[in-house]
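Working notes for the structure below.
Hydrogens, waters and symmetry mates play no part in the numbers below; they use all other heavy atoms, side chains included. In this chain, residues are counted from 1 in sequence order.
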Amino acid sequence: MAAGGSTQQRRREMAAASAAAISGAGRCRLSKIGATRRPPPARVRVAVRLRPFVDGTAGASDPPCVRGMDSCSLEIANWRNHQETLKYQFDAFYGERSTQQDIYAGSVQPILRHLLEGQNASVLAYGPTGAGKTHTMLGSPEQPGVIPRALMDLLQLTREEGAEGRPWALSVTMSYLEIYQEKVLDLLDPASGDLVIREDCRGNILIPGLSQKPISSFADFERHFLPASRNRTVGATRLNQRSSRSHAVLLVKVDQRERLAPFRQREGKLYLIDLAGSEDNRRTGNKGLRLKESGAINTSLFVLGKVVDALNQGLPRVPYRDSKLTRLLQDSLGGSAHSILIANIAPERRFYLDTVSALNFAARSKEVINRPFTNESLQPHALGPVKLSQKELLGPPEAKRARGPEEEEIGSPEPMAAPASASQKLSPLQKLSSMDPAMLERLLSLDRLLASQGSQGAPLLSTPKRERMVLMKTRLKTKQKELEAKMLAQKAEEKENHCPTMLRPLSHRTVTGAKPLKKAVVMPLQLIQEQAASPNAEIHILKNKGRKRKLESLDALEPEEKAEDCWELQISPELLAHGRQKILDLLNEGSARDLRSLQRIGPKKAQLIVGWRELHGPFSQVEDLERVEGITGKQMESFLKANILGLAAGQRCGAS
C-alpha cells in the first residue's frame, strides 16, 4: 500500500511539473517550496570533539582543562577565576572515548540525503593545530574518518537511486584542492597553477579550470584521492610532526537527470573541508617559510571569524572576498548549504587559550543561518529535437564562411523554400537546441498568430538577418530616389515660373583686397580758416594706423574682431613744443587737483606725481614722468598724445 501511494504521488508530481513546463517555466531554477516562498532556514550545526591526551593517560600533574557534562554540553575552567567554570551548549559533544563511527553517524551521515534532493552540504573541521582535525576528516586505515565513510555511503546511495527502472540517472564527480598562502591549487593536477574563484549569475561559487574526475565506486575514489593527498603541503613544527600548512577542500558533485518527462535535472554539492589550525608561533617555533605559512593561515581564519560575526550581527556587508577561504565557503556560511562544523579541541592545559578561542568561535558559528534550496532545472533536450541543416546550426560568422563563392556574389539571398513544420519557421541563424523552451513556445505562438491573420510578405520569424538587412537597404534607396525626384521637379518648376520658393545657398564671394584705412582729421578752427585762405597750408591729421579687419564670407556669421586702435599724431613742431612746455609747467607747479585736469591722470597718479616732485625736485622734461612709480612707457606715450592734442586744440579754440 505504501508503495502504491508513493507511486500515485510521484505521478501527480510529474504531471504538475509537466504542466508548469508547458506553461513557460523554462530552464529557470525550481524548488519544492514554490517560487514565491523563501527557502526554510537551516542553522549551522556545531559538534565539538575532545581528543584524548597524546600519551594516552591524564596524569595527576596535568589534569584536563575540559570536561564533558552530557552529549551536548561541556565546561571549561575560567582563567579569570579558577573557582568558576565556563559552560557551552552545542548540537553534539564527543568525548575522549568517542570513535570515528560515532562522529560520522551522529553528525555527518544525516546530511547526505540532502544531496539526492539537489541541495548542497558542507562539513568543516575547525580547531587549533594538533587538535586532531585531519584525523577526524581522513582517519587511518583501521579507523577511517569522515571523508572515506561519506564517499562510501554516498556512492552506495547513488547506485541505488540510479539503478535501472528508477526515475533518475545519477553521476558523481570529485575535485580536490588546497588553499596555500592565498593560492588555490588543484591537487589532482598540481601543474595547473593558481586558480581563480568566480561566481555565476545565480550566485553559485565555481572555480574555472578545476579538475573533475568521474567516480562510480570507492575504488575509483581511492585511485584519484590517495595520490592527490600526497600533493598536499605539510610540515613539521614543535607541536605536530605532520602539520597541515594549507586548507584542503574535497568537492563531490552529484548530478541527477530525470529519465521521464519533464526531464528535470538536479545538482548537489558536498564540501568536505579540513581547515589548517591556528598557530601560536611562540610555541610552534616557526621561522622562515613556516612563519610565512602560519601568517597566511591565521589571517584566513581571522577573516573567517569576521564573516561569522558579520552574519550574526546582520551587517550589510559580509567580508567574503577578504580571503580565498571565506570566498570558497560562501555557500557554507550564510549561503545555501546544510553545514556541519566539527570543532576539535585538546584537553591539555597548555592548549587552554586555543581551546577557549575554538569554543568561542563554535558558539558564534551555531547562530549562523543558511537557507538551502533545491538546485533544479529543466534539461536542454526537454523539447523534441529539431532537424536543421549545417548552415542553419552555424552562427552568422560560421554561416558566412560556410557559404560558397556563388552565394557570396549574389547581392540578395534567394527566397527560401516553404518550411515543413512550425518549429522550422524560426531564424536559421539561431540554434534552437539551446533556446529557452518558454521563449521557443512564445515565438511559435506568435508565428502561428501572424499566419492566421494573413500577414503579407515574408514571415517575421523566418527572415534571416542578411535578408532583413538587404530589405532595409532597398527601402532606403527607394526613399532616397523619391526625394531626389521631388527636388528635381521643384527646381524645374522654379525655372519655369521664375519665382523661387526656396532659399538658395549664397555663393561665396572672394575678397581680393582690403579696404583703405580710415583717417580722422582734427584741426582747430583757426587752422581751418587759414586753410581756406591758403590751400597749401599744413594740415594736422590723426591717422588710423593699426586697425585690422577680419574678412569673412557671407555664409559665416561670426562677429568681427576689432583690434585696438592705435593713432599716430602728426602735428606742427611749434604746436608740439608749446604743448610740451605747458604740460611741464603744470607738472612742476600744479597741485594734485590741477594735475587731475590732464587726461590719463587720476587721483592716484596725481598724488604720485606730487610726491615724486617733493622728493626729487621739479621735472626737467615731460619724459621724466616715466620715472614716477606706477607709470609705464606705454602709458606715457598715450598720455603725451592725448594731452598735447587736447591743449593744442584748446589753445586754437581760445585764440579764435
Side-chain angles (χ1 to χ4, degrees), residues 29-33 38-47 90-92 104 107-126 137 146-147 150-151 153-154 157-158 172-177 179 184 197-207 210 212 247-256 265-275 300 303-305 307-308 310-312 318-321 323-343 361-362 364-377:
R29 193 163 48 183
L30 303 177
S31 178
K32 289 185 177 180
I33 61 174
R38 295 188 64 187
R43 181 176 55 82
V44 174
R45 299 179 60 85
V46 178
F90 297 104
D91 297 292
Y104 171 74
S107 298
V108 180
Q109 192 176 23
I111 68 172
L112 296 181
R113 59 182 177 83
H114 297 295
L115 297 174
L116 302 182
E117 299 174 358
Q119 299 181 1
N120 299 335
S122 62
V123 180
L124 297 89
Y126 180 88
M137 298 301 292
V146 170
I147 290 179
L151 264 296
D153 288 354
L154 182 61
L157 288 174
T158 55
V172 182
T173 59
M174 62 165 289
S175 302
Y176 197 23
L177 62 95
I179 302 177
V184 180
I197 302 177
R198 301 296 187 193
E199 183 176 359
D200 62 5
C201 59
R202 296 181 177 180
N204 299 322
I205 301 300
L206 50 90
I207 303 177
L210 184 64
Q212 293 186 6
H247 308 291
V249 180
L250 176 63
L251 172 59
V252 181
K253 186 183 299 184
V254 180
D255 292 324
Q256 306 177 64
Q265 63 180 7
R266 294 174 179 174
E267 182 184 81
K269 297 179 182 179
L270 174 62
Y271 294 90
L272 299 171
I273 306 164
D274 180 14
L275 298 175
S300 60
V303 177
L304 181 61
V307 168
V308 172
L311 291 172
N312 291 336
V318 181
Y320 288 116
R321 296 176 181 267
S323 173
K324 296 288 185 67
L325 175 63
T326 53
R327 181 65 167 156
L328 191 61
L329 297 180
Q330 188 167 343
D331 282 342
S332 304
L333 297 175
S336 59
H338 297 271
S339 299
I340 298 292
L341 176 67
I342 303 177
F361 176 80
R364 299 196 308 270
S365 298
K366 72 176 184 179
E367 304 297 332
V368 176
I369 302 299
N370 294 348
R371 293 190 177 274
F373 57 85
T374 301
N375 299 305
E376 185 175 285
S377 60

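In this view, Y271 satisfies the ring pair (Phe, Tyr, Trp, His ring centres under 6.0 Å) rule with no residue, not counting sequence neighbours. Contacts of Y320 classified as side chain to side chain donor-acceptor pair (under 3.5 Å), with partners at least two apart in sequence or in another chain: none. A search for side chain to side chain donor-acceptor pair (under 3.5 Å) contacts involving S339 returns S122, N370, not counting sequence neighbours.
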Worksheet entry | side chain to side chain contact (heavy atoms under 4.5 Å, CB included) assessment of D255 paired with Q265 | CA-CA 7 Å; D255 292 324; Q265 63 180 7; over 6 Å; no
Practice prompt. Carefully, step by step, assess V108 and I342 under the rule side chain to side chain contact (heavy atoms under 4.5 Å, CB included).
Written response: CA-CA 10 Å; V108 180; I342 303 177; 4.3 Å; yes
Item to complete: Assess whether side chain to side chain contact (heavy atoms under 4.5 Å, CB included) is satisfied between V44 and K366, documenting all intermediate values.
Response: CA-CA 5 Å; V44 174; K366 72 176 184 179; 5.9 Å; no
Item to complete: Apply side chain to side chain contact (heavy atoms under 4.5 Å, CB included) to the pair L272 and L151, showing each step before the final yes or no.
Response: CA-CA 10 Å; L272 299 171; L151 264 296; 3.9 Å; yes
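The two residues V303 and P319 come nearest to each other via the heavy atoms CG1-O, 3.7 Å. When all heavy atoms are compared, the tightest approach of L210 to L177 is CD2-CD2, 3.7 Å. Residues R364 and N312 approach most closely at O-ND2, 2.8 Å, considering heavy atoms. Smallest separation of non-hydrogen atoms from F361 and G305: CE1-CA, 3.9 Å. Shown here for L124 and S332, the closest heavy-atom pair between the two residues is CD1-CB, 4.4 Å. Taking every heavy atom of both residues into account, A248 and Y176 meet most closely at CB-OH, 3.9 Å.
Salt bridge present: R43 and D91 bring a charged side-chain N and a carboxylate O closer than 4.0 Å.
No side-chain donor from either of S175 and Q212 sits under 3.5 Å from a side-chain acceptor of the other.
Using a 4.5 Å heavy-atom threshold, the side chains of L112 and L270 count as touching. The shortest distance between side-chain heavy atoms of S300 and H247 falls below 4.5 Å. Between V123 and I111 there is a side-chain heavy-atom pair separated by less than 4.5 Å. By the 4.5 Å heavy-atom criterion applied to side chains, T326 and V318 are not counted as neighbours. Inter-residue side-chain proximity for L251 and K269 is flagged as met; some heavy-atom pair is nearer than 4.5 Å. With a 4.5 Å cut-off on side-chain heavy atoms, I273 and L328 do not count as touching. Two residues are said to be in side-chain contact when any heavy atoms from C-beta on lie closer than 4.5 Å; P372 and N120 fail this criterion. A 4.5 Å side-chain heavy-atom check between E199 and R321 finds at least one atom pair inside the cut-off.
Q256 places a side-chain N or O within donor-acceptor distance of the main-chain N or O of L116, the cut-off being under 3.5 Å. When atom types are taken as modelled, the side chain of D200 and the backbone of L206 share no donor-acceptor pair closer than 3.5 angstrom. Side chain of N375 to main chain of G118: a donor-acceptor pair is present (N/O by atom type, distance under 3.5 Å, no hydrogens or angles).
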